[in-house]
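Below is one structure, written out as structure tokens; the observations come after it.
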Amino acid sequence: MTDKTLISARELSVHYPLSGSLFGPKPVVRAVEKVSVDIAKGSFFGLVGESGSGKTTFGRALLNAAPITNGNVIYSDDEVEYDLGNINSAELKDYRKRAQLIFQDPYAALSPRMTVRDIIAEPLQVMGLTKTREETDERVREIAAKCRLNLEHLRRFPHAFSGGQRQRISIARALVARPQFIVADESVAALDVSIQADVLNLLKSIQMDMGLTFLFISHDLSVVAHICDHVAVMYLGRLVETAPTRELFASPRHPYTKALMSAIPSLDPDDRGKAQRLEGEIPSPTNPPPGCKFQTRCPFAIEVCRNQEPKLEHTGNEHNVACHRWKELMAEQPVPA
């Protein structure tokens, strides 16, 4: 990882207008609201939160696959710089080579009518990155070997593979264009725990080998702790906390982050039953509550939380939190024995 920023989002918002009545304003889904984040080149950046928090929409906005309503996203590598909110068709075609997506479901992501070779080769053909079949086959074999797929695998169809093998095929397809930036959207959520570890180690190995930058989207903090350098926590389309991984797990500031961490399964019998229960469900993004968006479920909410939305505040050690009471709650937190 370097100090150079590859992807920079500033006040990024993604809204989806809904069809409404003939009278009055149409409802709007505020999927992502005023998110600012920098992803360093060569980093493994984690984004966590419950289902419906806006993680996937944010990741797709960074790929220009979701409409940017407000704010901007700047992609800058050693060769080019693109403003994704103001990008023409030729620049977008080039950006597609530099930024790719690994889908969540390895069963739905692969065409059952194509061989593995054709699935991996398709991006090369669509983007015009190779001129001959021999060149295409060479690139396919090269990336297949990195993803631990052999020549026999390339002749088969997806139905012949397990979930972990299918996800390695999806990874190979995303990497064959030699991108700089990868969004991995819940890419191990559908796999068994043992297979998850294998795929995570593969992603980390490939990242180091190819110098890639990852946005790793997950709802599982234990997975994020294993692989990510930096973590951002999202709730109802907003960032509530960001920090380096070690710092976040050693000293979480936001009540929502603490609740997510308390839900991580433990093998220690003394730790069981200590999970912090969050009453209620995540509010609707079409009608978010006033003030702090977490205040409807937060056991520590007071009047200021209900009336004033907190801003991300720097607390030291690259740690930022959006909570009015984080200092009080940290002071009340018992010191570990």
Side-chain angles (χ1 to χ4, degrees), residues 9 11-16 27-37 45-59 61 70-71 186 217-222 224-225 228 230-245 247-264 274-316 318-334:
E11 295 290 308
L12 176 64
S13 297
V14 178
H15 299 165
Y16 295 101
V28 174
V29 176
R30 301 178 183 275
V32 177
E33 187 72 10
K34 296 181 180 179
V35 171
S36 296
V37 71
F45 192 98
L47 182 64
V48 299
E50 293 172 282
S51 297
S53 60
K55 307 184 302 296
T56 294
T57 303
F58 177 72
N70 293 306
E186 300 275 14
I217 298 172
S218 180
H219 63 271
D220 190 340
L221 274 168
S222 59
V224 168
C228 293
H230 204 99
V231 182
V233 183
M234 181 173 274
Y235 183 82
L236 198 60
R238 293 156 176 84
L239 292 186
V240 298
E241 189 163 7
T242 67
T245 305
E247 170 72 16
L248 186 78
F249 278 79
S251 182
R253 306 273 200 263
H254 200 282
Y256 180 60
T257 308
K258 294 177 183 179
L260 291 179
M261 289 187 176
S262 72
I264 298 175
K274 293 183 178 180
Q276 178 182 331
R277 179 175 296 179
L278 291 177
E279 301 293 340
E281 297 182 359
I282 192 168
S284 170
T286 61
N287 187 28
C292 175
K293 306 312 171 190
F294 186 57
Q295 52 100 349
T296 57
R297 304 171 70 194
C298 180
F300 309 106
I302 57 177
E303 193 63 26
V304 67
C305 304
R306 299 183 181 94
N307 298 321
Q308 183 179 339
E309 185 172 358
K311 305 294 183 183
L312 271 178
E313 177 184 350
H314 183 62
T315 68
E318 300 181 65
H319 201 145
N320 301 283
V321 63
C323 179
H324 292 298
R325 302 192 62 199
W326 74 267
K327 291 181 181 178
E328 300 173 51
L329 298 178
M330 289 295 294
E332 296 171 2
Q333 183 173 308

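The structure displayed is predicted, hence computed values, not measured ones.
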* **Where G237 and V35 come nearest, the two heavy atoms and their spacing** => O-CG2, 3.4 Å

* CD of E318: more than 12 outside heavy atoms within 6.0 angstrom? -> no

* Would you indicate whether the side-chain heavy atoms of L248 and M261 approach each other to under 4.5 Å? => yes

* Flag the pair C292 / P310 as yes when at least one side-chain heavy-atom distance between them is below 4.5 Å, and no otherwise. => yes

* How far does CZ of R238 sit from NZ of K311, to the nearest 0.5 angstrom? -> 9.5 Å

* Decide yes or no for F300 and E328: does some side-chain heavy atom of the first lie under 4.5 Å from some side-chain heavy atom of the second? => no

* Asked: K293 side chain to P289 main-chain N or O, any donor-acceptor pair under 3.5 Å?
  -> yes

* First locate atom CD of E313, then atom NE2 of H324, and finally report the distance between them rounded to the nearest 0.5 Å. => 10.0 Å

* Please work out which of the three classes, parallel, tilted or perpendicular, describes the rings of H230 and F45, given edges at 30° and 60°. => parallel

* Structure fact -> All heavy atoms of T57 vs all of A31, minimum pair found to be CG2-CB, 3.9 Å

* To do: Check for a donor-acceptor pair, side chain of T245 on one end and backbone N or O of C228 on the other, with a separation under 3.5 Å.
  => yes

* Side chains of F58 and L47 in contact at under 4.5 Å (non-hydrogen atoms) -> yes

* Asked: Side chains of H319 and E241: closer than 4.5 Å at any heavy-atom pair?
  -> yes

* **Side chain to side chain, I282 and R297, heavy atoms closer than 4.5 Å** => yes

* To do: With rounding to the nearest 0.5 Å, note down the distance linking CG in L239 to CE in M234.
  => 4.5 Å

* How long is the gap from SG on C323 to OH on Y256, to the nearest 0.5 Å? -> 14.0 Å

* side-chain hydrogen bond (donor to acceptor under 3.5 Å, both in side chains) partners of T286, counting only residues at least two apart -> S284

* What heavy-atom pair brings L260 and G49 nearest, and what distance separates the two atoms? -> CD1-CA, 4.5 Å

* Asked: Backbone N or O of V48 within a donor-acceptor pair of the S218 side chain at under 3.5 Å?
  -> no

* **Side chain proximity check, S251 to M330, heavy atoms < 4.5 angstrom** => yes

* Asked: Salt-bridged, K34 to E309, with N to O below 4.0 Å?
  -> no

* Structure fact -> Taken in chain and number order and not counting sequence neighbours, the residues that satisfy salt bridge (Lys or Arg N to Asp or Glu O under 4.0 Å) with E186 are none

* List the atom of A322, the atom of L312, and the distance in Å for their closest heavy-atom pair. => N-CD2, 3.7 Å

* Asked: If only atom types and distance count, is the side chain of K55 paired as donor or acceptor with the main-chain N or O of E50 below 3.5 Å?
  -> yes

* Asked: Roughly how far, to the nearest 0.5 Å, is the CG atom of N320 from the OG1 atom of T315?
  -> 6.5 Å

* **Considering all heavy atoms, the nearest L236-P288 contact** => CD2-CB, 3.9 Å

* **Closest non-hydrogen atom pair between Q295 and C305, with its separation** => CG-O, 3.8 Å

* Answer whether the closest heavy-atom distance between the side chains of E247 and R253 falls below 4.5 Å. => yes

* Does the pair H254 and Y235 meet the rule for a ring-ring contact (aromatic ring centres under 6.0 Å, His included), with working shown? -> CA-CA 11 Å; H254 200 282; Y235 183 82; 7.9 Å; no

